[in-house]
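All values below were derived from every heavy atom in this structure, side-chain atoms included, with hydrogens, water molecules and symmetry-related copies excluded. Predicted, not measured: the structure shown is a model, and the values here were computed from it.
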There are 2 protein chains.
Amino acid sequence: MTEKIQKNRPKDLRSAILKTALHLFTTHGYFNTSVHDIRREAGISIGAIYHHFDSKESIAKAIYDDLLEQETEAIAQITIDGQTARDNCRAIMNHLFIMAEENPEAMEFMLYSKHREFMPSALPVCSSKPLSMMRKAVQLGIDNGEILPMEITLATTCLFGSMFRMIHLRLDGIITEPLPTFLDTIFECAWRGVSR
Amino acid sequence: MTEKIQKNRPKDLRSAILKTALHLFTTHGYFNTSVHDIRREAGISIGAIYHHFDSKESIAKAIYDDLLEQETEAIAQITIDGQTARDNCRAIMNHLFIMAEENPEAMEFMLYSKHREFMPSALPVCSSKPLSMMRKAVQLGIDNGEILPMEITLATTCLFGSMFRMIHLRLDGIITEPLPTFLDTIFECAWRGVSR
DNA sequence: GTCTATATAGTGATAGAC
DNA sequence: GTCTATCACTATATAGAC
């Protein structure tokens, strides 16, 4: 990996603020969290927050952008050229299940917030890089004949739709066992549906 | 249908308020909508609103309860005893697709709001009557051998997960064609995954 | 049952000392 | 770069006339 400019990392306050904000945003919601709540929970002052961020919205935006970037990187590392579409898609599903277990708040914020309502500037998740990488993995499967010929959004939804719902149910506490437990079942059901 | 007590229906202001509120809640979000916005959009006064409802939250709650009740009724009429699980599940999917086209705001509010954040009192959608009726339709299919033996939440997610995602994408404007267009494809993919 | 006017509390953000 | 004090504003909800 190339040396990247550390434009982000005082590593101290900025990331502490983001971490605290993510926690409060996911547990109570963006609008139920005031900047003063973040201040209190992080044990710092209002001034410090507004020194690092322009506005409450820009805190949310920073969290969102960071998470999408991380995910993009992760999926890029997981999907391997020359591998079957089946293997790549399964690896993605596995990764997202693990991610939802290890970092549920990040997952909740990235996938299940109503971003439009508090970050009018942000693109919807569906248009994000990680999602388009998932579509690309599916497209390769269609092109090489592993997956039935279908419009790409449709195929991606058929393959990953139940996974997204599983993650949702898990984050909501409806499902109580770790998601990787269900990987085989969920993936095989979905694959059976779309494969030739 | 039996004569029901009209506890709801002045049919005038109350439902006008609910309709206006639903529109604003779905287009701008609950927290971006003030009671004054509802007042203005409905062309009435604050006093009238607070005469009919205790609070802003109770307006949201009323919308939510009404919609869930309607849906419960609708699904009850659609699922027919003695029909195959396949037919009943397909009928449910068809109904929800049509519903999403005819009343997208209702669907958006019912399925994709973060209810917890503004109606702490409300049960999550997953625990609602309509959802439990969907699980029941799937359970019958497992019992009679149409559907592979699986834990019920898992089976329901495999069968309806892609449908929920399609509705989501359609409401978000990602999909531009009417959902019923995709009914056959979506249902067959999902059914192939869970059926014996 | 509907109206207008207002009370009260809390928000996001800024100013300016250190 | 971090703090405290405070501003300007908007929100929900209530009071009380009609």
Query raised in the report: Is B:Glu146 reaching over with its side chain to a backbone N or O of B:Arg86, donor-acceptor style, under 3.5 angstrom?
Result: yes
Requested in this report: Look at the side-chain N and O atoms of B:His51 and state whether any lies under 4.0 Å from the OP1 or OP2 oxygen of C:dG1.
Outcome: yes
Query raised in the report: Rounded to the Å, how far apart are B:His52 NE2 and C:dG1 P?
Result: 7 Å
Query raised in the report: What distance do B:Gln70 atom CD and B:Ile75 atom CD1 have between them, rounded to the nearest 0.5 Å?
Result: 12.0 Å
Query raised in the report: Can you tell me how far OH of A:Tyr64 sits from CE of A:Met119, rounded to the nearest 0.5 angstrom?
Result: 5.5 Å
Report task. Please list, chain by chain and in numerical order, all residues satisfying ring-ring contact (aromatic ring centres under 6.0 Å, His included) with B:Phe164, sequence neighbours excluded. Result -> none
Query raised in the report: Between B:Glu108 and B:Arg170, is there a side-chain N and carboxylate O pair less than 4.0 Å apart?
Result: no
Mind listing the side-chain donor-acceptor pairs of residues 176-187 of chain A below 3.5 Å, one per line with the distance, residues two or more places apart or on another chain?
unit_1   : atom_1 : unit_2   : atom_2 : d
A:Thr181 : OG1    : A:Pro178 : O      : 2.6
A:Asp184 : OD1    : A:Arg90  : NH2    : 2.2

Report summary line: Given protein heavy atoms under 4.0 Å, the one-letter contact record of nucleotides 6-18 of chain D, with B base, S sugar-phosphate only and - none, is simply -----SBBB----
Query raised in the report: Quick one: B:Arg39 CZ to C:dA5 C1', roughly how many Å, whole number?
Result: 12 Å
Query raised in the report: Rounded to whole angstrom units, what separation is found between the CZ atom of A:Arg40 and the C1' atom of D:dT4?
Result: 16 Å
**Report entry** Whole-Å distance separating the CD1 atom of A:Ile59 from the C1' atom of C:dT11
**Finding:** 14 Å
